[in-house]
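Just below is one structure, and these are the notes that go with it.
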Amino acid sequence: MKYILSPSILAADFSCLRDDIRKADEAGAEYLHIDVMDGWFVPAISFGQPVVTSIRGCTDRFFDVHLMVQDPERYIADFAKAGADGITVHAEACRHLDRVLDEIHEAGCRAGIALNPATSLAALDYVCDKADMVLVMTVNPGFGGQKLIPAMYGKIRDLRRILDGKGLPTDIEVDGGVNISTLPKLLDAGANVIVAGSAVFHGDVGQNVSVLNGMLKDYENR
Ligand code: DX5
Ligand code: ZN
């Protein structure tokens, strides 16, 4: 299994976004997590396609776009065109999740399904074979800097067991409250794509990426 760090630019300094992205890239972050919020599915508004288009020129790293947007099928083509490599939609935000996953693949991107903390894994029952990744939200979506909800460790463990049982190689991404203390437990539970906002962009970005990536490498080679 491959372990991947996906720094969330929501916690970056938007006045010098290019510099922050380059620091994360140069320190070895494989993905860049891009949180799009619509002010409806979640209370906050973050940024949209024009920002993704602009930062596409700053790095060749994988753009891991997390759409916290109601009815996200309206924007799949736009984000693919802006440079998304992977697009994750919330099961709770899609009227026809199965079709949306097809649309993401047709747009040439990897497809992810995100689940809010209170959403049951049963939401994945008939669609998980269509997802390249499942994003287990470890906080309620909408803001950076929140504390991880401990009940999510068990949810990740259950999900890994279900995916293994089906023989699926699906990635499990975790998002919210990830730091050097919560990371080992998330890895033990079965997560392999790790989003980190404040833990990367607050403080020394390069050093934060190196420390977290080092922990992922150690886990991979354990
Ligand atoms: C929360 C976003 C996260 C957020 C994580 O709704 O989806 O990606 O940036 O921030 P931290 O790592 O600070 O909890
Ligand atoms: Zn996110």
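Both counts, for ligands and for their atoms, begin at 1 and track the order of listing.
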Next item on the list: Kindly check if the number of other-residue, nucleotide or ligand heavy atoms within 6.0 Å of CZ (Arg99) is above 12?
Entry: no

Margin query: Looking at Asp125, I want to see if its CG is surrounded by more than 12 non-hydrogen atoms of other residues, nucleotides or ligands under 6.0 Å.
Written below: yes

Notebook entry, point to check: Do Lys81 side-chain atoms and Thr53 backbone N/O form a donor-acceptor pair below 3.5 Å?
Noted result: no

Checklist line | From CD (Gln207) to NZ (Lys23), nearest 0.5 Å | finding: 12.5 Å

Which of the N/O/S atoms in [X] sits closest to the Zn ion (ligand 2)?
X      : value
His66  : ND1
Asp175 : OD2
Asp35  : OD1

Notebook entry, point to check: Salt bridge or not for Arg161 and Asp164, using N-O below 4.0 Å?
Noted result: no

Notebook entry, point to check: Quick one: do Arg56 and Asp85 make a salt bridge, cutoff under 4.0 Å?
Noted result: yes

Next item on the list: Let me know which protein residues bring a heavy atom to under 4.0 Å of ligand 1; chain then number is fine for ordering.
Entry: Ser8, Leu10, His33, Asp35, Met37, His66, Met68, Met137, Pro141, Gly142, Phe143, Gly144, Gly145, Asp175, Gly176, Gly177, Val195, Ala196, Gly197, Ser198

Check: Taking only residues two or more places apart in sequence, or in another chain, which ones meet Asn179 in a side chain to side chain contact (heavy atoms under 4.5 Å, CB included)?
Finding: Ser181, Thr182, Ala199

